[in-house]
Structure formats: C-alpha cells, structure tokens
2 protein chains.
Amino acid sequence: MDSFNKLNKRRDFIRATGLMSVAGFSGIMLPSITIGNENSIPADDRPNVIGPRTGFSPQVGTLLSMMNWMRGPVLRTAKGLSVEQLDFIFDAESNSIGSMLLHLAATERYYQLNTFDGLPWGSWDKSIKEQWDTAMNLGDEGRKKIKGHNFDYYSNILTETRLKTIEEFKKRDDEWLMKVDEKWPWGPTNNYCKWFHVCEHESNHNGQMKWIKSRLPAAKK
Amino acid sequence: MDSFNKLNKRRDFIRATGLMSVAGFSGIMLPSITIGNENSIPADDRPNVIGPRTGFSPQVGTLLSMMNWMRGPVLRTAKGLSVEQLDFIFDAESNSIGSMLLHLAATERYYQLNTFDGLPWGSWDKSIKEQWDTAMNLGDEGRKKIKGHNFDYYSNILTETRLKTIEEFKKRDDEWLMKVDEKWPWGPTNNYCKWFHVCEHESNHNGQMKWIKSRLPAAKK
C-alpha cells in the first residue's frame, strides 16, 4: 500500500473511531446497532455520549468513548501554545506541559505492552525503554531532554499511540476487558481498571497543565 | 429509626457499595451475580475491578466502580494534612487543597440536581446556592471563606454527598444512564458522560492538589 492510500485509510479509521471529534469536528450520528441481545444498549457515536461504539465490543467501546472524550480537553489545553510555552518549566521540580503530553503517550504505550502483549511491567525491550523511559519517568532527565517541540509533535505522537490502542481494542472482547491480573501491585486489577487509570491519568495531568498554562510568562513578543 | 440504627444501616450501605475501600479497607469478594442475560458480565465488587456492582444496573454499577476507585487517590492526597496545610494558598490565583475537596463535593451536588432532579443547570433554590456556590466557583471568595477545617470535615462532606449519589444510582437503570440531554452546553450529552465528567474532574483537581502538596512549606513545628 503506498503512503497516500495508507494515510487515507488511517484517516477513515480515525473518523470511524471518533478520534476526529477531539480535533474539533462535530460528532456524526452513525446508524444504531444492537449488540448481543435484546437488553443491550445501542451504539451512539456522538462524542458526549459515553457508551458502546460501532465496531467494538460493548464495554470496550464504552471505555474507548471515555478515552476519546478525555483526549479533547487535554489537547485543548496545549493547542495554540508556542514551543517556548510548551517548554516552560515553572520551578525546579516542575514538568513542562510538553513533557507531560509525552508522558501521557508513554503511559499509554506501557499499558499497551502490559495488557495487549501480556508483558510484566518494565519487562519490555531496551529499545522501547530508550524511546519512552524519559517521558515515563519525567524529573531531571525529562526537563533536560524533552524540549524544542511544537504542539503538532506531541499531538501526533499521542494520536499514533492511541490508534495502536484502538486497533488492539477492536480485536478484543468484554471478557478480555474484565480479565483480572491477580499479581498487579495495587492488588487484583482488571484490564478495565488499568485502562480507566490511563484515562483518568490524562485528567490528572491536564489539571497540572492548566495550572501551569495560567501562570506562563506573558508572551515576549 | 433511631440514630444508632440509622448509622448502622448507613454503614452497611457504605460497605455494600464498596465506598469503604477508599478509606483503606481491602475489598471483599461478594457473590457473583449475572444480570439480565447469558451475555452479561458478573459483578465483582473488588475495588480495582471496574465493572458491574452488586445491586446496581450493569452500566450504573460500572460507572460507580470508577467513581469509587477515583475517590481513593483523592482522599489519599489530602489525608494526614494539617488544617494549615489544607488552607495553604500557593499564590494569588491558587486554590487551597481544602477548597478543592469541597469543590468536588459541590460539583457532585450540582450534577445530582441536574441529572436526578432534572433541574436545568443553576436553576436550583437560593438556599442550595448559598450552601455550595462558594465551593463551586472558588476564586477570591473561596480563598476568603473556605478555611479552618480539618481533613475529616472535607472527607465527611464528600462521603455524605457520594452516599446521596449512590442512593439515587440504586433507583436507576442503564436506560436512564444513557439518556441524552440534547440541550447541554457541550452538545448532546448523556447522563453517563455527565457522571464520567464528575469522576475525571476529581482526577483533574487531584493532579493540582498533589502539585501543591509537594510544594507545601515545611511544617513549622
């Protein structure tokens, strides 16, 4: 497949999954489907309707609807900021807005490896750690290394990472989502809880990004 | 019912809904039930298992499992802080940790009035506004008025407010949860989305509370 077709196919895929809506497109009501049986809830793909999604298992689609919804406010916080603003570090312990965006992608990547590939936390290849550990751990190294990128850089990495999640969600059913990892450090934890955490974790950092955004030095121009 | 019985009944209710787990109690596996039909997911009331909950409609229970899970990290952030630390204001624009805790309760109260009582946003009685508007709006008035309370004060208000939500959730089904408010300012929005927002909003402020907590002046004793 040439890269133009690949891009178009990817665009169709993004549209179908509702990820477009986070970039400001209004939601389109797709045909309702009922899944499984007479008691099930029909899919409604509008962005502010949390629930099953066309083409996904009911609970997986419901989770995805939350994750896509959550991505909206996160991107809106950072959109329009300059490289200098994305790099701004409030104090010696603070992370830049840019580094927090990359941290969200790193988190999603590591939960993919854990829940889709069944890898115990941190057991992934060195090459993966080299790519993501700085953003995952933030701190001094993050402050030193994550800088000089514009909004699109972060937004594209977040979207690419999310598309991988969506592709994998598409292959999985609610039974997988409910599967409990009895050895997880928090205690027995199902995949739904892990991915709910990935979702609420975006809100956690969005709270911090908004806090910093409202304290950015006035633009120097 | 005398107040002792009322308290005991309330305790049983809290235990049954899993709200105890946020206060540090380990989860107890209640008997599995299947809801509705052969395709449905059995309830598993352990705190890190997101999904249906005993005694609630499947999707309502799933939402509640997320809300209870989310309350854990929020309370853990603030537990153990002194009144002085809960009142600490970082800068002229900042809200105290205490005021943010009360803000979460106010938000939950207003979404109750909107989604349970069907009241358009802000159309509630003056007495309710007098009780909650300061915490809802924060800012200068919040900085002036919300102070001098210990952790238990905030924790009790959060729990009382959550118990009201749980009581109402118990009466409602998934059809109610999926009901779309076509006139909501964000665009058509279902009750699931409104309550998911109440939930992720706790994480948003928890991110800010943790940011401030790590910058509290060293205890003066």
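Keep in mind it's a predicted model, so treat the numbers as computed, not measured. No hydrogens, no waters, no symmetry mates; every other heavy atom, side chains included, goes into these values. Just so it is clear: chains get the letters A, B, ... in the order the sequence lines come, proteins before strands, and each one is counted from 1.
The parts of B:Val49 that come within reach of chain A are both its backbone and its side chain, each placing non-hydrogen atoms under 4.5 angstrom from that chain. At a 4.5 Å heavy-atom cutoff, B:Ser65 makes no contact with chain A through either its backbone or its side chain. With a 4.5 Å cut-off on non-hydrogen atoms, B:Asp91 touches chain A through its side chain but not through its backbone. Proximity to chain A (any heavy atom under 4.5 Å) is restricted, for B:Met178, to the side chain, taken from C-beta onward.
A donor-acceptor pair is defined here as one N or O able to donate and one able to accept, closer than 3.5 Å; no such pair exists between the side chain of B:Asp174 and the backbone of B:Leu177. Checked by atom type and distance alone, the side chain of A:Thr161 pairs as donor or acceptor with a backbone atom of A:Ile157 at under 3.5 Å.
Counting heavy-atom pairs closer than 4.5 Å to chain A, the top-ranked of the candidates B:Cys199, B:Pro73, B:Ser214, B:Ser94 is B:Ser94. Heavy-atom pairs under 4.5 Å with chain A peak, among B:Glu93, B:Gln59, B:His205, at B:Gln59. The greatest number of non-hydrogen atom pairs below 4.5 Å with chain B, out of A:Lys210, A:His201, A:Glu175, A:Arg215, is found for A:Arg215. Heavy-atom pairs under 4.5 Å with chain A were tallied for B:Asp181, B:Leu63, B:Asn48; the largest tally goes to B:Asn48.
Both the sub-6.0 Å distance and the 45° axial angle are not jointly satisfied by A:Arg71 relative to the ring of A:Trp69.
Using modelled atom types and a 3.5 Å distance limit, the side chains of A:Asn206 and A:Thr77 yield a donor-acceptor pair. Under 3.5 Å, the side chains of B:Asn190 and B:Lys179 contain no donor-acceptor pair of N or O atoms.
Here A:Lys164 pairs with A:Glu168 in a salt bridge; the nearest charged N to carboxylate O distance falls below 4.0 Å.
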